[in-house]
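Below is one structure, written out as structure tokens; comments come after it.
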Amino acid sequence: MKNWCGTACCIAGWTNVLIPDDKNARQDEHDLFAAERKLGLTRTQALELFSPALTIPYSDVTPQQAADVLLHLADTGSVDWGELKNPLGPPGLKAEGHPTFPRGKRRSARR
């Protein structure tokens, strides 16, 4: 992965490892967006799946818990982290264990 999140159950990372790039791949596409495209997810599904607001750090999610979320997504089309979901959302944009989606190249401020 070009953009490593460092978790044992990195869903986006494993998606990109197990599903190779195809003719739809974009050069310099962020790994999270590539995984969203490869899995055929909506942006909302991808954000809930790859950047969940959890009651525990994302790095503490077990592979079994991640697999359960993926099975639920396959069965219902919705992402449900169950009791791990933090109803208040992440404490901040850079909260530990909560990766964020960059939105394209940063624009430099004009003077």
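This is a predicted model, so every value here is computed, not measured.
- The line from CD of E36 to OG1 of T42 is 7.0 Å long, rounded to the nearest 0.5 Å.
- Remark: Y58 OH to C10 SG distance equals 6.0 Å, nearest 0.5 Å.
- F33 contributes atom CZ, which lies 4.5 Å from atom CZ of R43 (distance to the nearest 0.5 angstrom).
- Residue V61 comes nearest to A66 through the heavy atom pair CG1-N, 4.1 Å, listed as atom of the first residue, atom of the second, then distance.
- In this structure, CG in N86 is found 6.5 Å from OG1 in T55, a value given to the nearest 0.5 Å.
- Separation of atoms CG (L41) and CG (L32) is listed at 11.5 Å; rounding is to 0.5 Å.
- The shortest side-chain heavy-atom distance between V69 and H72 does not fall under the 4.5 Å cut-off.
- The line from CG of D80 to CG of L49 is 11.5 Å long, rounded to the nearest 0.5 Å.
- The two atoms that bring P52 and W81 nearest to each other are CB-NE1, 3.3 Å, heavy atoms only.
- The backbone N or O of T62 lies less than 3.5 Å from a partner atom in the side chain of Q65, making a donor-acceptor pair.
- Contact annotation: the side chain of W14 never approaches that of L70 to less than 4.5 Å [non-hydrogen atoms, C-beta and beyond].
- Side chain to side chain, S78 and T76 meet the donor-acceptor criterion of an N or O pair below 3.5 Å.
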